[in-house]
Each structure stands twice: as structure tokens, then as C-alpha cells.
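Here's the structure, in C-alpha cells; my notes come after.
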Amino acid sequence: VVVFAFTGVVTMVGALGYFLFFAPEYTDPIDLYFGAMYEGKVENVEKLAPKAYWDWRAELSDMSRDACIEEAQEWASLTNKSIKKQFGEDFFCTYEVVEKEAISDEDLRELAEILERDYEISAKSVKKGYTVTIDLNFNGDEQKGQKITVVQIGYRWYLVEHFNSAFGNRAYFPVGGGPAMLG
């Protein structure tokens with residue numbers, strides 16, 4: 001009995017430690033996106049969208065999930081090469097979060113319903129979201145007040161673009177061209 005109690009306490013302390021020290025932050029998807037597109041870290045592209053998105057994209061494109069991820073990695077690599085060609089090998093892009101505003105419960109619920117409708121992501125897994133205002137410094141050119149949306153789905157955070165269109169409210173994960181934009 002003592003061994004089971006001790007094991008339970010160790011497990012609880014380990015889980016608590018993970019969430020206190022290693023839990024994902026709302027800025028993680030921003031870092032991943034900048035790393036993939038501007039620094040050429042294309043191995044991070046898969047982390048820019050939840051598994052359900054990649055499954056949806058595979059079904060839509062009639063490709064394997066891995067092929068969809070590779071296609072998005074190639075797009076990120078081409079984006080990075082294009083930027084380097086235009087601005088030089090030593091270009092830089094940094095950002096600073098200047099404001100973070102929680103998405104209202106009503107707007108979050110609506111976004112969750114869109115994600116469930118379009119990608120079969122459980123609406124219950126959409127935990128919270130922020131509209132984040134960032135100031136960009138792209139090769140010395142400052143662009144202030146850029147707004148992006150980050151949403152926690154399950155235990156991870158993702159960039160999610162959402163908008164109203166003639167076809168209704170839409171959302172997508174900015175991971176690459178092709179089917180990614182059809183969301």
C-alpha cells in the first residue's frame with residue numbers, strides 16, 4: 001500500500017512539474033512559425049497544426065498525411081529561400097508581443113464550432129485563445145501592430161487565421177499553400 005501511495009505522489013509531482021516548467025506557452029506557435037518560414041526550420045511545420053488538420057488535409061488532397069506534411073515543409077523552405085534571395089542570407093525577422101487580449105467566450109465558441117465543422121477538431125478541445133498584437137522588425141523595417149490569433153487546442157497552442165467570407169465563417173492554420181488555404 002505504501003509503494004502505491006508513493007508511486008501516486010511521484011506521478012502527481014512529475015505531472016505538476018511538467019505543467020509548471022514545460023507547459024506550452026501561447027507564443028510557442030509564433031516562434032515555430034517564424035522558425036519555419038524565416039529561419040528555414042521546416043521540421044517544425046508539422047507542429048503548426050493539430051493532427052486532425054493533417055488528417056483532413058490528407059483526405060482532401062488524396063495524399064498521405066506524411067506527404068501533406070512534406071509538401072508544407074517544401075512550401076516553408078521555398079518561402080525561406082525566396083526571402084533570402086530578396087533580402088540576402090543575413091536577413092533577420094524578430095517580433096515582440098506588445099498586447100495580448102483574451103478572445104471572448106462567445107467568439108471562442110464560434111471559432112471552436114468552425115474548427116469542428118471544417119477539420120473535425122473537437123470543439124471541447126478548444127480551451128482558450130488570444131488576439132496577440134506584435135511589432136515586427138523585418139530586416140530593420142519595423143511593422144507595428146500586426147494582429148494574430150493563437151488558440152489552445154488540447155494542450156498545445158496554434159496560430160489560427162479566421163475570417164468572414166461569402167461562404168460563411170472560415171478558419172485555417174497557416175502551414176503552407178494548396179489545401180491549407182481552403183479551410
Side-chain angles (χ1 to χ4, degrees), residues 18 22-95 97 111-132 134 136-139 143 146-163 165 167-183:
Y18 170 79
F22 300 109
E25 295 282 329
Y26 75 95
T27 57
D28 287 352
I30 304 168
D31 293 338
L32 288 170
Y33 183 82
F34 276 74
M37 300 301 161
Y38 301 124
E39 298 171 18
K41 297 178 183 174
V42 298
E43 68 277 4
N44 293 331
V45 167
E46 181 177 5
K47 298 174 187 174
L48 291 173
K51 182 184 180 307
Y53 166 81
W54 293 111
D55 293 341
W56 166 84
R57 188 168 173 173
E59 186 176 320
L60 179 69
S61 64
D62 203 26
M63 296 168 47
S64 73
R65 184 176 179 275
D66 289 341
C68 290
I69 293 167
E70 287 174 15
E71 179 183 70
Q73 288 172 329
E74 288 174 25
W75 183 82
S77 179
L78 288 171
T79 299
N80 181 263
K81 288 176 183 173
S82 174
I83 291 170
K84 284 182 177 180
K85 185 176 180 181
Q86 184 175 357
F87 296 102
E89 288 290 324
D90 58 349
F91 83 97
F92 62 91
C93 185
T94 60
Y95 76 91
V97 174
L111 181 56
E113 289 170 3
I114 293 168
L115 293 173
E116 187 168 54
R117 176 195 72 203
D118 291 349
Y119 306 109
E120 298 180 10
I121 294 170
S122 168
K124 291 180 181 179
S125 70
V126 178
K127 306 292 185 194
K128 58 184 163 183
Y130 299 114
T131 299
V132 180
I134 60 174
L136 293 174
N137 185 342
F138 191 86
N139 229 26
Q143 301 173 14
Q146 302 293 315
K147 293 194 181 291
I148 55 175
T149 301
V150 292
V151 177
Q152 184 181 15
I153 301 172
Y155 297 108
R156 304 229 16 211
W157 286 89
Y158 300 96
L159 288 175
V160 178
E161 297 292 332
H162 60 100
F163 55 92
S165 76
F167 304 106
N169 293 336
R170 310 304 281 170
Y172 69 93
F173 298 90
V175 297
M181 304 305 280
L182 299 177

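No hydrogens, no waters, no symmetry mates; every other heavy atom, side chains included, goes into these values. The residues of the chain are indexed from 1 along the displayed sequence.
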task = Can you establish whether the number of heavy atoms outside Glu161 located under 6.0 Å from its atom CD is more than 12?
result = yes

request  = Sort and list the pairs that fulfil salt bridge (Lys or Arg N to Asp or Glu O under 4.0 Å) and have at least one residue in residues 75-87, not counting sequence neighbours.
outcome  = Lys84-Glu89

query = Given Tyr38 and Thr94, is the side chain to side chain contact (heavy atoms under 4.5 Å, CB included) satisfied, shown in steps?
reply = CA-CA 9 Å; Tyr38 301 124; Thr94 60; over 6 Å; no

task = Mind checking side-chain hydrogen bond (donor to acceptor under 3.5 Å, both in side chains) for Glu39 and listing every partner two or more places apart, or none if nothing turns up?
result = Lys41

Answer yes or no: is there a donor N or O on one side and an acceptor on the other, between the side chain of [X] and the main chain of [Y], under 3.5 Å?
X      : Y     : answer
Thr27  : Ile30 : no
Asn137 : Cys93 : no
Thr79  : Trp75 : yes
Asp28  : Glu25 : yes
Gln73  : Val42 : yes

request  = Go through the steps for Tyr130 and Trp157 under the test ring-ring contact (aromatic ring centres under 6.0 Å, His included), then give the verdict.
outcome  = CA-CA 10 Å; Tyr130 299 114; Trp157 286 89; 5.4 Å; yes

Identify the heavy atoms of [X] and [Y] that sit nearest to each other, and give their distance.
X      : Y      : value
Ala52  : Glu120 : CB-O, 4.2 Å
Ala171 : Val160 : CB-CG1, 4.1 Å
Lys127 : Gly154 : CG-O, 3.6 Å
Asn80  : Gly40  : ND2-N, 3.2 Å
Val45  : Ala36  : CG2-CB, 3.9 Å
Ala58  : Cys68  : CA-SG, 3.5 Å

request  = Check the pair Leu111 / Val126 against side chain to side chain contact (heavy atoms under 4.5 Å, CB included), numbers first and verdict last.
outcome  = CA-CA 9 Å; Leu111 181 56; Val126 178; 5.7 Å; no

Would you give the length of the straight line joining atom [atom1] of [X] to atom [atom2] of [Y], rounded to the nearest 0.5 angstrom?
X      : Y      : atom1 : atom2 : value
Tyr172 : Phe163 : OH    : CZ    : 6.5 Å
Ile153 : Ile121 : CD1   : CD1   : 4.5 Å
Ile148 : Ile134 : CD1   : CD1   : 4.5 Å
Arg156 : Leu32  : CZ    : CG    : 6.5 Å
Ser77  : Met37  : OG    : CE    : 10.5 Å

message = Could you check whether Phe87 and Phe138 have their ring centres less than 6.0 Å apart?
response = yes

key: Aromatic contact, Phe173 with Trp54 (centres under 6.0 Å)   = no

query = What is the ring orientation for Tyr95 with Phe34, classed by angle as parallel under 30°, tilted 30 to 60°, or perpendicular over 60°?
reply = tilted

task = Run the numbers on Lys51 and Glu46 for side chain to side chain contact (heavy atoms under 4.5 Å, CB included), then give the verdict.
result = CA-CA 9 Å; Lys51 182 184 180 307; Glu46 181 177 5; over 6 Å; no

task = May I have the step-by-step check of side chain to side chain contact (heavy atoms under 4.5 Å, CB included) for Arg170 and Ile114, ending in yes or no?
result = CA-CA 7 Å; Arg170 310 304 281 170; Ile114 293 168; 5.6 Å; no

Under 3.5 Å side-chain donor-acceptor pair for Tyr33 and Asn44 = no

